[in-house]
Structures are given as structure tokens and as C-alpha cells.
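Ligands are counted one by one from 1 in listed order, and the atoms in each one are counted from 1 as well. Positions are given from 1, in the same order as the sequence printed here.
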Amino acid sequence: MTPRLRYAPSPTGHLHIGNARTALFNYLFARKRGGRFIIRIEDTDIERNVKTGIENQLDLLEWLGVTWDESIDKDGGYGPYRQLERLKTYRRFAEKLIEEGTAYKCYCTPEELEAVRKAQVARGEDRLHYPRTCIDKPPQEGPYTVRFRVPEAKVYRFEDMVKGDVSFKSEDIGDWVILKRNGIPTYNFACALDDELMAITHVLRGEDHLTNTPRQLMVFDALGAPRPTYGHMTLIVDEHGKKLSKRNESVIQFIDQYRELGYLPEALFNFIALLGWSPAVENEIFTREELIEHFEEDRLSTSPATFDPQKLKYVNNRHVKRLDDEDLFALVAPHLEKAGIGKDKGPEWKKSLVEVFKDRLTHGAHIVELTRAFFAQDCLYDAAAKDILRQDGVDGLLAVFREKLLEDEHPDADVYRAIIKDSG
Ligand code: GLU
């Protein structure tokens, strides 16, 4: 059977590093096994959708090199690939489940449900489940939700690609809503039904979805459909071991920001692939093709993945060094221009400048930082630097250093001369 994997973004904002990682591993798995990689848009949470969310995600995934075989722009025969265009399908299946007795209509109003919940809390109940008020109600007029009838005393057990043997008890889950009053499905129902209808064989996603899995398994079982194989990847944490949250401003977390800063997509791809996965070989620097070749799902890590910005810079620097002169120049040129560096200089001057810093350059915008000292009118020295500069003999040493830089046999002498002339 051809493996079919999917990335199922909700278009609620910019492409986050965590989502990019989910997409990337599903992509790697599909490519490695000669399968298909599908992008399905889960846009049923209407209030949270943002207007350009879909285009933005697809654009950035394409930039990263996470390319897909089927989606809203590429029909593979399993569409539509946007959930809001599949509402009739969800309703049809909800009705089928009602007929078969695995789901029922619930006429309780939100106010009634709230009152029930409050009473449960007041009684100190530990399971705040829907008390099945409507389970045997004859059909009546008026708005309703559709609830899944959770089987009694059933254990939902599965072998997770990352977590191993996982199980949940049905008694911990109340009869949950599959279709809301407005006809829009809930995430768990739409997701599982679509995974079945789109013939998804493997689901790799973040471990924050682990507790959703038993509900999704209920849907597969109710449909009499085979369950996909799941893999729930560990969290991404910051250097202090804290879950990487969008509020943590010390770490850049959105892919478009990296693109703006002049990070290389192949380097970012390489770095993200090492977040929670390690190859069997010692190396850390890979092309996309090499990553596909090395990918093995049994090497997905079981402990949290640490996001280390220094490592990202290191990986990017290694990819920068692989660029030919033209590509390297194309990477930094917009950043030089934005900073107004070498405004009145020709391309040769700029190319020599880039050549000098090539070894240390970690991303496009880094060129501005690296060359700042040359072009700044005043240098700011901290107290420690001032102490050193005041020491005996430092003046003479600096003069010799300057001479050496300008000596004809120094490979970059021309550039230094130009720079010194330029900055007076
Ligand atoms: N739409 C869900 C999300 O963005 C997808 C979860 C899944 O992969 O099942 O988190």
C-alpha cells in the first residue's frame, strides 16, 4: 500500500517552527517510502482563521522545500482539500453514524449544558461528562448538535511510532460533539473522517494531539475502517527546557522571519529535521536529498527537542559556505542595500567585502552586523576594552596589525585599504 501522509494546518497565523517541523517529517517519511504527501486545510475554526493564512503557509513551505503532491492547488482525486468545502460530507457521515446508533442528536442548549456542568463541579465530580440527557430522546424540532456515543469499558490501545504502547480508557471520555449546531464539524471528527476518506496511512504530529487520538480512533472504529499508524513527536523546548511558546520573544519562531533575515531555506530545513530526530550517521549537515535518504521514523526522539539558536546559526553558516559566489552575493546584497552599505560602490567592491566575511557569515542580514565596526563613525568601547587599550605597548601593536592588514601579500589587503579609506 502506498504510504499517504498529510500535514493538516489550521490557517490561524504565521507558519511556526513547530508546524514546519510537523510538515517536514511527514514530507520526509512520504518521500523516503515513495509515498504521497498531502496538505489538507483544517479551517473549521472559523473565528481563528486569518485571511492570508493558507497562502502564507503554502508559500513558506514551498520556500523551505517541503513540496506536496496533493492540496487545494493540486487535485489528487481525494479533494476538496479544504474542510469548509467538505461540510456536506461531514453531515452525511454524521447522519450515517446516527442511523447506526454510534451517534445521537443532542438538543441541550448551551445554557442547559453550562448549568449541568456547574452542578457537577459543585458536587465535586471528577469526570465532567455530558450526562447523556438526549441519548434516547425521540427526534424533535429545533437546533441540535450530534454527539458520539462513546462505547463503555473499552480500551483504546495503539502502538505509537514515537511513544510506543499507548492506551486510553473510554470511561475517561464523555459523549463528545462531532457536529456543532451550525453544521460545522469539530476538529476530531473532521480530522479522523478526512484521514479515512483521504486514505491516510501514517499520521505524524505534535504530542499535544496525543489525547485527541482516542476520539479519532473511535471514528475509525465506528466506520469499520483501518486505523492509521500514529507518531506523536515530542515538544520543542527552549534552552531552559521550557516549552517553546509563541510568547517567548528571545527565540525567533516564525519561518517568515527567518526568510526576512536571509537564512537559507536548505539550512533551515536541515536544522528543523534535527529537532527531535537524529540520523544514524555522525554528520549534522545535510542536503534535503540526504535527509530523505537517512530518514528513519524509529530514530524520532523520545525526549524533548531543544531549539538552540546558536546551532541554527552554525548549520546555516555551513550551508552558506557551500554557496557559489553568485548565490552568496544574492543572499547578502539586499541586506547591504537596506543598510546603505557601499551605496556608491560597484559590485566588485561589495563582492570583496562579502568574500572577507564569508567564513563567519551565518545569514544574509549578518553581513550588516559583521561589517558594522568598519562603517561606524564612532566605536564604542566598554570598560574592559578601554583598560586593555590603555595598556603599554597596545598602540604600537595596533599599528603593526594595521600595517600587516595592508601589506600587499595579505589576500584581502585591497578590501581593507578600501574600507579604511572609506571610513577615514
Ligand atoms: N489542524 C490541526 C492543527 O493544526 C492538525 C492536527 C493533526 O495533525 O491531526 O493542529
Q: Can you tell me the protein heavy atom closest to atom 10 (O) of ligand 1 and the distance?
A: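 That would be H209 NE2, 2.9 Å.
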
Q: In ligand 1, which numbered atoms sit nearer than 4.0 Å to a non-hydrogen atom of R6?
A: 7 (C), 8 (O), 9 (O)

Q: Report, in ascending order of atom number, the atoms of ligand 1 lying under 4.0 Å from any heavy atom of R205.
A: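 It comes down to these atoms of ligand 1: 7 (C), 8 (O), 9 (O).
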
Q: Which atoms from ligand 1 have a heavy atom of E42 less than 4.0 Å away?
A: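 Contacts of ligand 1 toward E42, numbered from 1: 1 (N), 2 (C), 5 (C).
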
Q: Nearest heavy-atom pair of A23 and L61: which atoms, and what distance?
A: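 Closest pair (atom of A23, atom of L61, distance): CB-CD2, 3.8 Å.
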
Q: Can you list the atoms of ligand 1 that are under 4.0 Å from a heavy atom of C191?
A: 9 (O)

Q: With side chain to side chain donor-acceptor pair (under 3.5 Å) as the test, pick out the partner of R6 among D194, D195, T201, T22.
A: D195

Q: Is it the case that K105 places NZ or CZ above or below the six-membered ring of Y144, under 6.0 angstrom from the centre and within 45 degrees of the axis?
A: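 Yes.
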
Q: Less than 3.5 Å between some nitrogen or oxygen of V203 and one of ligand 1, yes or no?
A: no

Q: Where is the tightest heavy-atom contact between F25 and L275, given as atom of each residue plus distance?
A: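 Residues F25 and L275, closest heavy atoms: CE1-O, 3.7 Å.
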
Q: State whether the shortest distance between N or O atoms of Y187 and N or O atoms of ligand 1 falls below 3.5 angstrom.
A: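 Yes; at least one N/O pair falls below 3.5 Å.
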
Q: Looking at R149, R147, R132, H129, which one forms a side chain to side chain donor-acceptor pair (under 3.5 Å) with D175?
A: R132

Q: Does a donor on one side chain sit under 3.5 Å from an acceptor on the other, for N188 and Q216?
A: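 Yes, because at least one side-chain N or O of N188 sits under 3.5 Å from a partner of the opposite role on Q216.
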
